[in-house]
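In what follows, a structure is listed as structure tokens, so that the remarks can point back to it.
Below, chains carry the letters A, B, ... as their sequence lines are ordered, and counting in each starts from 1. Quick caveat: nothing in here was measured; it's all calculated off a predicted structure.
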Amino acid sequence: MPIRYRTTLDGIEHEVEIEELRPRLYRIKLADTAHDVDVQPVGSSSFSVLVRDRSFDFDVIRNGDEMLVVSRGGAVRVTLVDPRRQSRRAGAGNHVQLAGPIEVKAMMPGRIVNVLVKEGDQVAHQQGVLVVEAMKMENEIKSPKAGRIVKVRVAPGQTVERGEALIIIE
Amino acid sequence: MPIRYRTTLDGIEHEVEIEELRPRLYRIKLADTAHDVDVQPVGSSSFSVLVRDRSFDFDVIRNGDEMLVVSRGGAVRVTLVDPRRQSRRAGAGNHVQLAGPIEVKAMMPGRIVNVLVKEGDQVAHQQGVLVVEAMKMENEIKSPKAGRIVKVRVAPGQTVERGEALIIIE
Amino acid sequence: MTRMFKRILIANRGEIAVRVIRACREMGIESVAVFSDADRASLHVREADFAVHVGPAPAAESYLKTERIIDAALRTGAEAIHPGYGFFSENANFARAVKDAGLTFIGPPASAVERMGDKVEARKLMAAAGVPVVPGSPGTLESEEEVRAVANRIGYPIMLKAAAGGGGKGMRLVENDHDLTALVRSVASEAKSSFGDGRFYVEKFVPGPRHIEVQVFADNFGNTVHLFERECSLQRRHQKVIEESPSPFVTAAMRQAMGEVAVKAARAVDYVGAGTVEFLADENRNFYFLEMNTRIQVEHPVTELVTGIDLVKLQIAVAAGQPLPFTQAELQQRGWALECRVYAEDPTAGFSPAPGKIQTMRLPDGPGIRIDAGVYEGAEVPIFYDPMICKLIAWGRDRDEAIARMRRALDEFSISGDLVTNLDFHRWVMRQPLFLKGEFDTGFIGQHYSGADGRVEQDPARLAAILAAAFLVSRDGTQARPPVASSAPTTQTSAWKTLGRIDSLRR
Amino acid sequence: MTRMFKRILIANRGEIAVRVIRACREMGIESVAVFSDADRASLHVREADFAVHVGPAPAAESYLKTERIIDAALRTGAEAIHPGYGFFSENANFARAVKDAGLTFIGPPASAVERMGDKVEARKLMAAAGVPVVPGSPGTLESEEEVRAVANRIGYPIMLKAAAGGGGKGMRLVENDHDLTALVRSVASEAKSSFGDGRFYVEKFVPGPRHIEVQVFADNFGNTVHLFERECSLQRRHQKVIEESPSPFVTAAMRQAMGEVAVKAARAVDYVGAGTVEFLADENRNFYFLEMNTRIQVEHPVTELVTGIDLVKLQIAVAAGQPLPFTQAELQQRGWALECRVYAEDPTAGFSPAPGKIQTMRLPDGPGIRIDAGVYEGAEVPIFYDPMICKLIAWGRDRDEAIARMRRALDEFSISGDLVTNLDFHRWVMRQPLFLKGEFDTGFIGQHYSGADGRVEQDPARLAAILAAAFLVSRDGTQARPPVASSAPTTQTSAWKTLGRIDSLRR
């Protein structure tokens, strides 16, 4: 019995129907064309896939419904959503995790070189907020979203640990 | 609390006492001398071991109480028996598994070239009983124990599959 | 500039298929793999741009099905077929079928394959071309009397050889007249039953021989060169297991003479592409034509490392009609290279095959080390084919450095799972004084290798080993595993093998 | 014959420690590793014969503790210390302390380290020895007026450089007189705060420069040779990321001139051991002394591959008192070698470090490929040190073949886990027309790399990708994972990074 998914491939949505014909052989319908595809696991998240005699070797990195499928040719971003499940999750869009206050944390131990914003500042998405030196390199840390700086927890010269909250943006 | 093992190292028996001092640090007493040993797992069956500044990298292949410990320097066979367990298994010596009738099975697909014994023959341990050709090479199959041939299930020229019973020795 | 192929089918599997795929990729050519049921998850299928299923596991029903291989090429739009080694690589009929299908066979002309394929004809042809051959019968013999006449002329001991034999099969050593009758009968019957061709011939036995071969290369424009020698005397079961280039036995004068003779041999059959002329050398450095392999050899990497030439890419370029990009004078040997063939086989049980699943594998790398592998961690070495795992190749400025690097790489190499490997055997060879001095012949392994490891552990290593064992026990529990009986060993297995197999059962 | 060391301590970590351990093993020398708390499970500890803990994770408290390193050497009976690169490799005080402890420092004399360590003094010394230096101030300057006087003499644009600077820090480009005041103040203050040394000097700005360096080697008997050049112009963040030898820019005449000058530079400081003389070259092939690195370089393998010389083993041999085993005339370049430094860093986020755990890793191998790795599958790239994963090095008969092999190897290389790598960046470079033509300078990456991948998938690949995804979903279930917020990204992370990190969380 085929399973239907709503799939997003590099940002474009398609309906896709996938049916297991027998172990490791799948029929996939995309835009009314059917293809038989042979999928062979070759590691915990690696697959050898044959489609119309073409051979692909994939590592799949999964994040919920979204998957990054990496091969010799490059990387494809695939989202697969089972429509029966989708209704339950309505409204849970891609950016839900960025709503509300966000703590910008240190990704590695380092030293704060410069603080580019102060409390109360409005910042744009991707605007630089801090400069941190780690491993002999200066890294500009950018705001993960547009918002207002509600708290600056660090000052230039201060050393920070990995995971330490540096700034809170609302 | 130290655990005592009876250990066999390349065939020689010792009493060994092992105590975990803290995670990954062990005190081992062998022949009344104590050594502190640092054991770091670096894979599913690989360990980095430091003893008196010496560094060893081991793959351990386990078969019950017996272990083959493989390193750059070569391989050491180690048996570790917890004496509290040993009493329950009294009499279960190394060769218990070879008592009773044994099926000699084909380890790989091949063709029987020659049958060197017939039913009723007495055979010695390691005596050749069959010649099988597999992968373009002839292999003599030897008896895993001394005994009597109770059944010969194959004839020269016959092809056999992996795991097929060839001869039964009692 | 000739037109290069867009797509090539590789009619092979394992490391050589991966080797050819890599050559294709470096040349911007797409590769088509073929695979049997046993090879769906094999590395060559994963690495190729296309892959076509050609049948069940036995090679005779898949890799050796001419029409299926050619159909696969036509269906995927491949323009040429590379046969690798083994399988169809020295099959003139296959080469012709490829040509008839309008495709290019990446190898010599079918006629050259054929003329070198018949050992007796090749002997005659080479003798006529002025290539030294082992003294013996001029052609095949039929009767005991004919054999005796030749033996009396050249003297005992002699070798009886099946005309269609090879790889150590269909050969008998006759030490004296007394054994002649029985051995003639035996070789004739084996020749008939094994090869379907009862013909045989006689050669004088060369005692303590070296097996030395010369790589040759020819293009379609009459250029024929040699790429120096390879020393292949280290053999077990009459099969090469360690090769090197240069040979520690060959002098500059001998090298030049062998190279010239090898080129002569290739020219005599209008050879095109990569080929190898094999010689036997006696202790006085006389050398005799043995046979010509009309394909790429397993041991080609040692030549690549000392000459800097990529032989597989050159095969493809020559097949596409390009001339050789160098002259004989431009070729030179630099440094020393060794190859260890790493097999799933048990050296302590007569080097019998011991394939299985690879659970963990740590490959060496670093300076001077090259690995041509046909497997990956987690892969199965199938029971149906040659159980090679990979080729480990080391280069050094001189032989000592190459050996030191090989020893270092072997020590770094770890592999475990439901299989046995010959790594310990290679470690043993790399420490043998006679090997280090370059003093060995084809009988070396049989005479000196006992299967024993011989390496002794230091005391701290023993302590550490106990600890590693104790750690595993304390982590995984002390439950005893099921006894061994259920998988009673059928050959004299090494501890490695037994433990490896049992270990895998419980995973 | 001099006496060789029995045991050597390697005062370093990561790939260079493993590289030195391998050299030791090939020479029959025992190796002693040192490790911090963060490196107990690191590859160099696993590979060494001995390993000594020297302190907590920060390098200043472990790898840079002179007395602990020397204690470890004395305690384990090591006779010599190899500093690798970074850490203590260019620290004259450490070299002296080693000598004072009765051990051998495997590197140049402390005096040579010292004289080349001070950039202003080195400039003066080189100018005096007849080595061309970039026009500029003869020594350090103190005031704006002094700077202006030099600028008026040599012409704008000029570079202001901190005397103690390096690695792209403490430098300011001054385009015209108008900016001078502010920039002099800025560089003086940065020099003081970053290096505790407020001195600075002036050099003429060389537009579109190439960074080309020459490997030199000297023994204790007055023999000094060069091993030709390395092209190191491909840099991000003023750090080399891809190197090659030969340089596609250097002509035979320039090569000879640079080599001679480099040897002159080494002789001027009575150099012994391996060293590198770095030059800036302008578009007219004028070249100027930049600095001398008095240690083995990260990029030494490209020189090893084209010359056949093992530089690390040679360092050890020279330190043990052996003479160079070759003369300048015996050295030659053969073929072409490229090195890609594979880092745990995010090229789409300004090449910022992105270390973490390696879950799966498939390394390329085969013809012409060498890997010097400091990690293994399952290892952690620690956050405390340079986040290098390995060096991928390719050799070919010519530059085209070396690039083709590098491209092929990069395509085979797969790594996944809680880290981001710059593999895609290297794949991008190896396809850039200007790079392929050899037309680039130190500004290349900044000018041409946007972080976009640029490669387009074919249709069947998209289908196959959906299927692989569907397979994973059907196998592992369709449960959505926790949202991303709990690990809010702090820099502009690539999808790779985000997904990689999240993926690792659920394992």
Side-chain angles (χ1 to χ4, degrees), chain A residues 2-3 7 9-10 12 14 16-63 66-78 80 135, chain C residues 6-10 13 17-18 20-22 24-26 28-54 68-79 357-361 373-382 417 507:
Chain A
I3 304 175
T7 180
L9 204 59
D10 287 342
I12 301 161
H14 308 272
V16 63
E17 201 179 284
I18 297 171
E19 184 178 8
E20 185 171 355
L21 300 180
R22 54 170 201 267
R24 299 209 310 263
L25 189 69
Y26 293 79
R27 175 157 296 159
I28 175 169
K29 259 190 213 161
L30 185 72
D32 291 329
T33 316
H35 310 275
D36 289 355
V37 185
D38 176 342
V39 182
Q40 167 77 44
V42 288
S44 61
S45 61
S46 302
F47 302 90
S48 166
V49 179
L50 305 183
V51 196
R52 287 186 260 146
D53 295 338
R54 280 191 179 264
S55 171
F56 301 95
D57 204 50
F58 291 117
D59 289 325
V60 183
I61 296 161
R62 186 176 179 189
N63 171 25
E66 192 174 48
M67 272 153 283
L68 190 69
V69 184
V70 184
S71 72
R72 272 193 304 277
V76 188
R77 185 173 308 282
V78 180
L80 272 190
M135 288 183 279
Chain C
K6 289 233 178 327
R7 197 170 294 153
I8 291 174
L9 181 139
I10 298 113
R13 60 173 306 285
V18 175
V20 179
I21 289 167
R22 284 174 164 155
C24 288
R25 189 152 288 142
E26 289 174 15
I29 298 168
E30 287 183 314
S31 53
V32 182
V34 293
F35 64 97
S36 73
D37 287 345
D39 274 333
R40 172 64 187 90
S42 287
L43 188 59
H44 73 290
V45 174
R46 297 181 63 183
E47 290 293 343
D49 296 308
F50 292 76
V52 181
H53 177 249
V54 290
R68 287 202 199 152
I69 301 293
I70 291 177
D71 280 357
L74 296 173
R75 177 170 134 190
T76 53
E79 297 157 287
K357 193 176 162 75
I358 297 169
Q359 300 281 1
T360 65
M361 180 166 72
V375 299
Y376 53 92
E377 191 174 77
E380 179 93 24
V381 179
R507 286 186 204 205

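Between the OG atom in A/S46 and the OH atom in C/Y376 there is a gap of 9.0 Å [rounded to 0.5 Å].
Proximity to chain A among residues 70-77 of chain C is limited to C/R75, C/T76, judged by heavy-atom separations below 4.5 angstrom. Residues of residues 36-44 of chain C lying under 4.5 angstrom from chain A, judged on non-hydrogen atoms, are C/R40, C/A41 in numerical order.
The salt bridge (Lys or Arg N to Asp or Glu O under 4.0 Å) test applied to C/E79 returns C/R3, not counting sequence neighbours. Taking C/R46 as the reference, A/D57 meet the salt bridge (Lys or Arg N to Asp or Glu O under 4.0 Å) condition, with sequence neighbours excluded.
Heavy atoms closer than 4.5 Å to chain C are found nowhere in A/V51, neither backbone nor side chain.
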* Pair A/S55-C/D49, side-chain contact (heavy atoms from CB on, under 4.5 Å): steps then yes or no -> CA-CA 5 Å; A/S55 171; C/D49 296 308; over 6 Å; no
